[in-house]
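First up is the structure itself, then whatever we jot down about it.
Numbered from 1 within each chain, the chains take letters A, B, ... in sequence-line order.
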There are 2 protein chains.
Amino acid sequence: MTGIGITSNQRGRNVAEGLATAIHEHRLSPGMKLNEDEVGEIFGVSRTIVRSALQTLSHAQLVVIEPNRGAFVARPSIREAREVFEARALLETRTAHSAATRATPEDIALLKRHIDEEHRAFDAGETGRALRLSGDFHIEIARIANQATIAAFVRQLVARSSLIIALYWRRRQATCESHAHHALLKALEAHEADRAKELMTSHLVDLLSLLDLTEPTDAPASLKEAFRLP
Amino acid sequence: MTGIGITSNQRGRNVAEGLATAIHEHRLSPGMKLNEDEVGEIFGVSRTIVRSALQTLSHAQLVVIEPNRGAFVARPSIREAREVFEARALLETRTAHSAATRATPEDIALLKRHIDEEHRAFDAGETGRALRLSGDFHIEIARIANQATIAAFVRQLVARSSLIIALYWRRRQATCESHAHHALLKALEAHEADRAKELMTSHLVDLLSLLDLTEPTDAPASLKEAFRLP
DNA sequence: TATTCCCGGATTGTATACGATTTTCGCCTC
DNA sequence: GAGGCGAAAATCGTATACAATCCGGGAATA
């Protein structure tokens, strides 16, 4: 569930999701140019559809459209990085709290499977997929909280976090992640709302503190290889 | 500043703003069909631009696009109404608090002028404009809080509130509004952050409690008359 | 009269054509 | 070799054409 906003346009939605997933899995890096013809060729659609998808992504702030110059994968500034995590702390303490009071055994089971899969992906060296799954964990909690409006914001912020991590994450200890998620899961399962809230706060503070918020190095790459085409 | 998300498309942006303002001022009612040709004719642009604008508005959840059926001004459900005000309470307590610590004399002066204009519009019987200005007051506070990420969310929520009010507001005492705004202003001016926070909370709770959250009556109308065309 | 079916008009979905703008790159000058 | 200039190529912005879909109304039937 790598959801962006609601598009009516089914094909445009598919393209947007494809690009978003690639961004979440760090196959597309911040700053990369998204040429309309090229994207269209990759997904087998016309520029009309591609433009619709790019507009969708720009609303989610995953993409920046520069007039007459084209669309680029967004490069969140240091300031934006802080803002995103601050907003997440504000919103996700709420979702964690609410999810703890509402979580059903099925929800817990789902989250467990999520963590397992995240672990497996990480052990298999599929760091991109692991990263995406780790974001999905937060989105799942927002869904359980049963507040669609806030959940939509969280989805957006998690997506942007993925770009922030791509830009500012330089250390390699990605393991702490799943420990924090496991602790959160336990709190949710025991319906300890206040504890879940605190765990979420410290988890997000941890994440932010692990970032190296200095000017990022450039990391260009090719669009086609992100989608494994010749 | 009736801002929606960032569109590159300048013309599409203008159309989106025009429609959004009309929604804020209750000239376009929830459920109204937004025919692409008709909108295009009103703004003097082709359907390409209109579609872009409608997509923008659908991301802001001011418009719902039903595949193969067209775009309609959104009709927030009772549940959505509660969710929006709950999210606003969460986000705007933060913006109020932060704005109170940061507000400069210029900010205060701007807010004062805002309230005055709101008053004037209300006294002049321009309830639509008064309504929009009252929303802008909240957006201005979010701007002063200097947290662009949260401010963008607040803008969206304020815009949706306008639809909610159009649907569920049945009493006629719109006066309480500006009293609450005035009290808030005083707290901001005195840098009483905690007080500003509490005032904001109770203001939003008040607003929600003044709504009649029962199934709304239909209120159809014509698109062209919303823009005063023959 | 109520119901179903089918067709024509209206409206949306998508591709494509063409003008506008930017980018690239060879060439000239200094 | 650096820098500036200009034309060609690449790319984006918008309108329009055509296909796909939906909607409403009238005829046929029971």
Closest-nucleotide ordering on DNA chain C, the 5'-leading residue of A/Arg69 and B/Gly70: B/Gly70
Length of the line joining B/Glu41:CD and C/dT11:C1', which is rounded to integer Å: 15 Å
Do A/Gln147 and A/Thr95 have side-chain atoms, one donor and one acceptor, less than 3.5 Å apart? no
Nearest whole Å is fine: how far is C/dA20 C1' from B/Asn9 CG? 14 Å
Does either side chain, that of B/Arg88 or that of B/Ser161, offer a donor lying less than 3.5 Å from an acceptor on the other one? yes
Whole Å only: how far is the CD atom of A/Glu36 from the C1' atom of C/dA15? 14 Å
To the side chain of B/Arg11, which of C/dT12, D/dA15, C/dT14 is closest? D/dA15
Closest to side chain of A/Asn68, choosing from C/dT14, C/dT11, C/dT22: C/dT22
Using only heavy-atom distances, determine whether the side chains of B/His203 and B/His138 contain a donor-acceptor pair under 3.5 Å. yes
Looking only at the side chains, is there a donor atom on one of B/Arg129 and B/Ser134 sitting less than 3.5 Å from an acceptor on the other? no
I want to verify a distance call: between D/dT14, D/dA15, C/dT14, whose nearest atom is closest to the B/Thr48 side chain? D/dA15
For A/Ile65 and C/dT22, give me the distance from atom CD1 to atom C1', rounded to whole Å. 17 Å
Winner on side-chain proximity to A/Arg47, out of C/dA15, C/dT22, D/dT14, is D/dT14
Given C/dT14, C/dT11, D/dC12, the nucleotide with the shortest approach to the side chain of B/Asn35: C/dT11
Rounded distance in Å - CD1 (A/Ile49) to P (C/dT16): 11 Å
Considering only side-chain heavy atoms of B/Lys33, which listed nucleotide, D/dC12, C/dT16, C/dT11, is closest? C/dT11
Write down the distance between CD (A/Gln55) and P (D/dT14), rounded to a whole number of angstrom. 11 Å
With rounding to the nearest 0.5 Å, note down the distance linking CD in A/Glu41 to CG in A/Asn35. 9.5 Å
Check the distance between D/dC22's P and B/Glu66's CD and give it to me in whole angstrom. 12 Å
